[in-house]
Amino acid sequence: MAPTIPDRRHPAHGVRNRLNEPIIVFLTVCTKHRAAWLATSVNHALLREVWTQATGWLVGRYVIMPDHLHLFAAPGSLVIELDPWVRYWKSQFTKQHPEKGDRWQTDHWDSRLRSGESYDSKWEYVVQNPVRHGLVERAEDWPYQGELFHLPW
């Protein structure tokens, strides 16, 4: 009997702790129906505020695109699983967001980085996202990116 292939319409979640290895997670969160409402200065400021207050995980580098965002996160001062933390900051953002019709996709995608090189190469890919999408000519010109906490490997 052939092995079954897991259903990947929904991402598998869960960050497993490995002894003596840092935990840094790469996370992608999309807007509902990939609606292009996210990349504004108001949303950027609100996301930074919500992430700073949601201390279960610390947000490192991030890029906010019109219809999704990418961020790197590491465990913070509270012991909380990643999934409830994502639901929490999304709900806090939604409560404070002035446009009540703007919504998030229910789920998110996450993967644990396995090495410092992985972190660097994944960041290089993410920071070039606005360039690949034709939004700016140089990555450093995209205003909706930054780093809240330094996440050392």
Side-chain angles (χ1 to χ4, degrees), residues 5-17 22-113 118-152:
I5 298 172
D7 179 7
R8 288 295 182 199
R9 284 177 276 182
H10 298 286
H13 294 300
V15 178
R16 295 181 183 32
N17 195 3
I23 298 173
I24 297 178
V25 174
F26 173 62
L27 182 71
T28 300
V29 179
C30 298
T31 61
K32 189 171 187 174
H33 306 300
R34 297 299 292 254
W37 56 262
L38 193 54
T40 70
S41 56
V42 170
N43 291 340
H44 186 190
L46 182 54
L47 282 166
R48 287 179 61 90
E49 180 180 325
V50 168
W51 289 333
T52 301
Q53 294 172 359
T55 59
W57 285 73
L58 303 177
V59 173
R61 297 172 181 164
Y62 65 87
V63 173
I64 302 167
M65 297 293 290
D67 63 352
H68 68 283
L69 61 84
H70 299 289
L71 64 84
F72 296 89
S77 60
L78 302 173
V79 177
I80 184 171
E81 295 289 324
L82 182 68
D83 296 349
W85 175 76
V86 173
R87 285 192 301 273
Y88 174 75
W89 69 252
K90 283 170 40 176
S91 73
Q92 293 304 303
F93 176 90
T94 299
K95 288 175 186 175
Q96 299 173 52
H97 182 56
E99 297 295 327
K100 297 305 174 196
D102 294 342
R103 294 285 179 246
W104 298 103
Q105 265 186 7
T106 303
D107 218 337
H108 63 274
W109 293 92
D110 62 76
S111 60
R112 181 178 177 164
L113 302 181
S118 174
Y119 187 14
D120 293 341
S121 65
K122 189 70 83 173
W123 172 246
E124 196 51 41
Y125 174 81
V126 167
V127 80
Q128 292 298 322
N129 229 357
V131 176
R132 280 191 304 279
H133 286 269
L135 300 171
V136 291
E137 288 187 26
R138 300 176 316 146
E140 57 269 19
D141 294 337
W142 185 244
Y144 312 115
Q145 64 177 309
E147 181 177 32
L148 288 178
F149 296 94
H150 174 68
L151 306 180

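Only this structure's heavy atoms are used, side chains among them; waters, hydrogens and symmetry mates stay out. Fair warning: this is a prediction, and the values are worked out from it, not measured in the lab.
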To check you understand the geometry: which heavy-atom pair defines the closest contact between [X] and [Y], and what is its length?
X      : Y      : result
Glu124 : Gln128 : O-CG, 3.2 Å
Lys100 : Lys95  : NZ-O, 3.3 Å
Pro75  : Ile23  : CD-O, 3.5 Å
Tyr144 : Ser41  : CE2-N, 3.4 Å
Ala73  : Leu71  : CB-CD1, 3.8 Å
Leu135 : Pro66  : CD1-CD, 3.8 Å

I'd like to know if the side chain of [X] and the backbone of [Y] have a donor-acceptor N/O pair within less than 3.5 Å.
X      : Y      : value
Arg132 : Tyr125 : yes
Trp85  : Ile80  : no
Lys90  : Gln105 : yes
Gln53  : Gln92  : no
Asn43  : Leu38  : yes
Trp104 : Arg87  : no

Nearest-0.5 Å distance, [atom1] of residue [X] to [atom2] of residue [Y]:
X      : Y      : atom1 : atom2 : result
Ser118 : Asp120 : OG    : CG    : 9.0 Å
Trp57  : Leu151 : CH2   : CG    : 10.5 Å
Leu46  : Thr94  : CG    : OG1   : 9.0 Å
Asp67  : Thr31  : CG    : OG1   : 5.0 Å
Thr28  : Asp107 : OG1   : CG    : 11.5 Å
Asp102 : Lys32  : CG    : NZ    : 11.5 Å

Checklist entry - On the ring face of Tyr62, is Arg48 found with NZ or CZ under 6.0 Å from the centre and within 45° of the axis? => result no
Next on the checklist: Applying side chain to side chain contact (heavy atoms under 4.5 Å, CB included) to Val25 and Leu113, what does each step give before you reach the verdict?
Outcome noted: CA-CA 6 Å; Val25 174; Leu113 302 181; over 6 Å; no
Checklist entry - Within a strict 4.5 Å, meaning less than it, do heavy atoms of the Trp142 and Val131 side chains meet? => result no
Checklist entry - Can you find a heavy atom in the side chain of Leu27 that is under 4.5 Å from one in the side chain of Val59? => result no
Checklist entry - In terms of the angle between their ring planes, are Phe72 and Phe26 parallel, tilted or perpendicular, with boundaries placed at 30° and 60°? => result tilted
Checklist entry - Mind checking whether His97 and Trp37 have parallel, tilted or perpendicular rings, split at 30° and 60°? => result tilted
Checklist entry - Within a reach of under 6.0 Å around CD of Gln96, are more than 12 heavy atoms found that belong to other residues, nucleotides or ligands? => result yes
Next on the checklist: Between Arg61 and Val127, is the side chain to side chain contact (heavy atoms under 4.5 Å, CB included) condition met? List the steps.
Outcome noted: CA-CA 9 Å; Arg61 297 172 181 164; Val127 80; over 6 Å; no
